[in-house]
Amino acid sequence: MKAIVDCNSFYAACERLFKPSLHGKPVVVLSNNDGCIVSRTDEAKELGIRMAEPYYQNKLAIEKNKVAVFSSNYHLYGDISRRVMETLRSLSPSVEVYSVDESFLELTGINENKLYDYALFLKSTTELWTGIPVSVGIAPTKVLSKVANRLAKKDKIGTKGVVVLQTPSQQREALEKTAIEDIWGVGNANAKKLRLFNINTGWDLRNMNEEWARKNLGGIVGVRLIKELKGFPCIEMKDPLTTKKMIATTRMFGKPVYELQALKEAVSTYLSRAAEKLRRQKGACKTITVFVVRNDHTQFKSDYFPASKTAYINLPSATDLTNVMISHVMPLVEMLYQKGSKYIKAGIILGDIVPANMIQYNLFELGENLNQKKLMQVMDNINFGIKTDLVKFAALGTKRDWKMRQEMRSKRFTTIWDELREVR
DNA sequence: TCTGGGGTCCTAGGACCC
DNA sequence: TCTGGGGTCCTAGGACCC
């Protein structure tokens, strides 16, 4: 059996942790640049505020109902997430962190007659130790445990926040209650298609033929989905030690950018951030992709037609050195840049990632690279430990007009010395 | 005026090889 | 007049997830 433990309204819950006066009140958290709504408490959901909608479209309802609004504060959420996952690891031998706010647990060895009690224990302990409310779903497969979790979230009082789908009849009842688009792995495109075939619930899909799924539902992906719905595990637990295969840093700009120099500064900054992530997993990359997105004026003011241009480079040898990456990428930015265009976003993607200790240096590079490595270590230590970007390359610029807007960010209560909670 | 960011997996199709 | 078949590797792009 497998469990999924999922934090309720995670970002909003993190904000509430340090502002107890917000308990029972509607709270929302915005995406980067204060663009979209990405987390809502139940009270905010009841007001009709929808997930992933632009903030400005909901401003009226938000102001009228005195909803508390926060810009996203990833320092805070990352640290609270780590506490939640540490708690789960202390309670269960096999934890796969699936995202910032949810983990799968392998329950082999837990008494099959006591799964419900175990789920309640996971929930209460996590909430007591971290202050973050969670829901727990348990079932034979990952897909079914997601179904269970969703039902637990929907009816927090009736289910006590915990649903176990152990018997075939429990599974059938749950799947009949679950609309097709709410099944994990069925997105918008496939949901539409399935509805045309008159497949409307999870139970309808479970009863489809696997060969049909191979033809009509994304090949092997569809076959696995149906097997999982039937209770045969096909999506296995992932090794927690696996490293990322690509690392991306991409952002909308706070203000549009017109000048090449500003565009280069932004890309250099994103590159530095991505390189830090790369070094943290002790990797080196062989390819770098850079893209810029412009949105030039058209005759209609309201038009939103972003157009992106991409370039990539295959490095002569894998590297984890920020300055080497910058020197390779700047010519690409110059190539992509068109004078007179209005740039709204840029991003970089590091690919073809290999373990850093397997980099092959040639004889001439060797000595210099060792010095560079030390420099990177020193920079990373300073930047991780104290304040972001205290030490950086000149290419990153100092004005940084393009930096994203975060007008309503709470303090980084747990990770930045200057912003710690004070007790008098 | 204002529409996020960071990932994974899979497939199709082209290039190339013998 | 006749013009193979099978394999691999790579890339772009789609679909999905939170």
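Protein chains get the first letters and strands the later ones, always in sequence-line order, with residue 1 at the start of each.
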Output the rounded distance in Å from [atom1] ([X]) to [atom2] ([N]).
| X | N | atom1 | atom2 | value |
| --- | --- | --- | --- | --- |
| A:I344 | B:dT1 | CD1 | P | 15 Å |
| A:Y270 | B:dG4 | OH | P | 13 Å |
| A:L217 | C:dG14 | CG | C1' | 14 Å |
| A:K59 | B:dC2 | NZ | C1' | 8 Å |
| A:D34 | B:dT3 | CG | P | 11 Å |
| A:M252 | B:dT3 | CE | C1' | 7 Å |
| A:Y74 | B:dG6 | OH | P | 8 Å |
| A:F10 | B:dG4 | CZ | P | 22 Å |

On DNA chain B, does the nearest nucleotide to A:M246 precede the nearest nucleotide to A:C36 from the 5' side, or the other way round? Give the residue. A:C36
Map A:R405 and A:G219 onto DNA chain B by nearest heavy atom, then report which one ends up closer to the 5' terminus. A:R405
Could you pull out all residues at least two apart from A:Q57 that satisfy side-chain contact (heavy atoms from CB on, under 4.5 Å)? A:P54
Checking A:L375 now: which residues fulfil side-chain contact (heavy atoms from CB on, under 4.5 Å) with it, not counting sequence neighbours?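 Expected list: A:M379, A:F393.
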Is A:E228 paired with A:K146 through a side-chain N to carboxylate O contact shorter than 4.0 Å?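 No, no charged N to carboxylate O under 4.0 Å.
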Could you tell me whether A:K373 and A:D320 make a salt bridge, using a distance below 4.0 angstrom between a side-chain N and a carboxylate O? yes
Fill in the dot-bracket string of DNA chain B, one character per base: . for unpaired, | for a pair to another strand, ( ) or [ ] for pairs within the strand, taking Watson-Crick or G-U pairs under 3.5 Å. ....||||||||||||||
Quick one: sort the A:F104 and A:W184 rings into parallel, tilted or perpendicular, breaks at 30° and 60°.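 Rings of A:F104 and A:W184: tilted, as their planes differ by 30° to 60°.
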Report the relative orientation of the aromatic rings in A:W402 and A:F253; use parallel for angles under 30°, tilted for 30 to 60°, perpendicular for over 60°. perpendicular
Could you tell me the separation between the [atom1] atom of [X] and the [atom2] atom of [Y], rounded to the nearest 0.5 Å?
| X | Y | atom1 | atom2 | result |
| --- | --- | --- | --- | --- |
| A:T141 | A:L229 | OG1 | CG | 7.0 Å |
| A:L350 | A:T287 | CG | OG1 | 8.0 Å |
| A:Q372 | A:Q377 | CD | CD | 12.5 Å |
| A:K277 | A:S272 | NZ | OG | 12.0 Å |

Counting the atoms with a prime plus P, OP1 and OP2 as sugar-phosphate, which does [X] contact under 4.0 Å by heavy atoms, base, sugar-phosphate, or nothing?
| X | result |
| --- | --- |
| A:I247 | sugar-phosphate |
| A:T249 | sugar-phosphate |
| A:N33 | nothing |

Can you build the contact string for nucleotides 7-13 of chain C? Use B for base contact, S for sugar-phosphate-only contact, and - for no protein heavy atom under 4.0 Å. ----S--
Side chain of A:S268, backbone of A:L396: donor and acceptor closer than 3.5 Å?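 The answer is no, because no donor-acceptor pair under 3.5 Å joins these two groups.
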Quick one: does any side-chain atom of A:S31 pair with a main-chain N or O of A:C36 as donor and acceptor, under 3.5 Å?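 Yes: the side chain of A:S31 pairs with the backbone of A:C36.
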Close N/O contacts between protein and nucleotides 16-18 of chain C (under 3.5 Å):
{"unit_1": "C:dC16", "atom_1": "OP1", "unit_2": "A:G187", "atom_2": "N", "d": "3.0"}
{"unit_1": "C:dC16", "atom_1": "OP1", "unit_2": "A:N190", "atom_2": "N", "d": "2.9"}
{"unit_1": "C:dC16", "atom_1": "OP1", "unit_2": "A:N190", "atom_2": "ND2", "d": "2.9"}
{"unit_1": "C:dC16", "atom_1": "OP2", "unit_2": "A:A189", "atom_2": "N", "d": "3.1"}
{"unit_1": "C:dC16", "atom_1": "O5'", "unit_2": "A:G187", "atom_2": "N", "d": "3.4"}
{"unit_1": "C:dC17", "atom_1": "OP1", "unit_2": "A:G185", "atom_2": "N", "d": "2.5"}
{"unit_1": "C:dC17", "atom_1": "OP1", "unit_2": "A:V186", "atom_2": "N", "d": "3.1"}
{"unit_1": "C:dC17", "atom_1": "OP1", "unit_2": "A:V186", "atom_2": "O", "d": "3.3"}
{"unit_1": "C:dC17", "atom_1": "O3'", "unit_2": "A:W184", "atom_2": "NE1", "d": "3.1"}
{"unit_1": "C:dC18", "atom_1": "OP1", "unit_2": "A:K146", "atom_2": "NZ", "d": "3.0"}
{"unit_1": "C:dC18", "atom_1": "O3'", "unit_2": "A:S99", "atom_2": "OG", "d": "3.0"}
{"unit_1": "C:dC18", "atom_1": "O3'", "unit_2": "A:D101", "atom_2": "OD1", "d": "2.9"}
{"unit_1": "C:dC18", "atom_1": "O3'", "unit_2": "A:E102", "atom_2": "OE2", "d": "2.9"}

Between A:N73 and A:S410: side-chain donor-acceptor atoms closer than 3.5 Å: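 On atom types as modelled, these side chains qualify, holding a pair under 3.5 Å.
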Could you verify whether a donor N or O on one side chain and an acceptor N or O on the other, from A:S103 and A:R89, lie under 3.5 Å apart? no
State whether A:S31 places a side-chain N or O below 4.0 Å from either non-bridging phosphate oxygen (OP1 or OP2) of B:dT3. no
B:dG5 OP1/OP2 closer than 4.0 Å to side-chain N/O of A:K345: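 Yes, A:K345 has a side-chain N/O under 4.0 Å of OP1/OP2 on B:dG5.
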What parts of residues 220-245 of chain A reach DNA chain B, counting only heavy atoms under 4.0 Å away?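 Output list: A:I220, A:V221, A:R224, A:K244, A:K245.
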Integer angstrom distance from the C1' of B:dC17 to that of C:dG4: 14 Å
If you look at every heavy atom in A:V354 and A:K286, which pair is closest and at what distance? CG1-CE, 4.0 Å
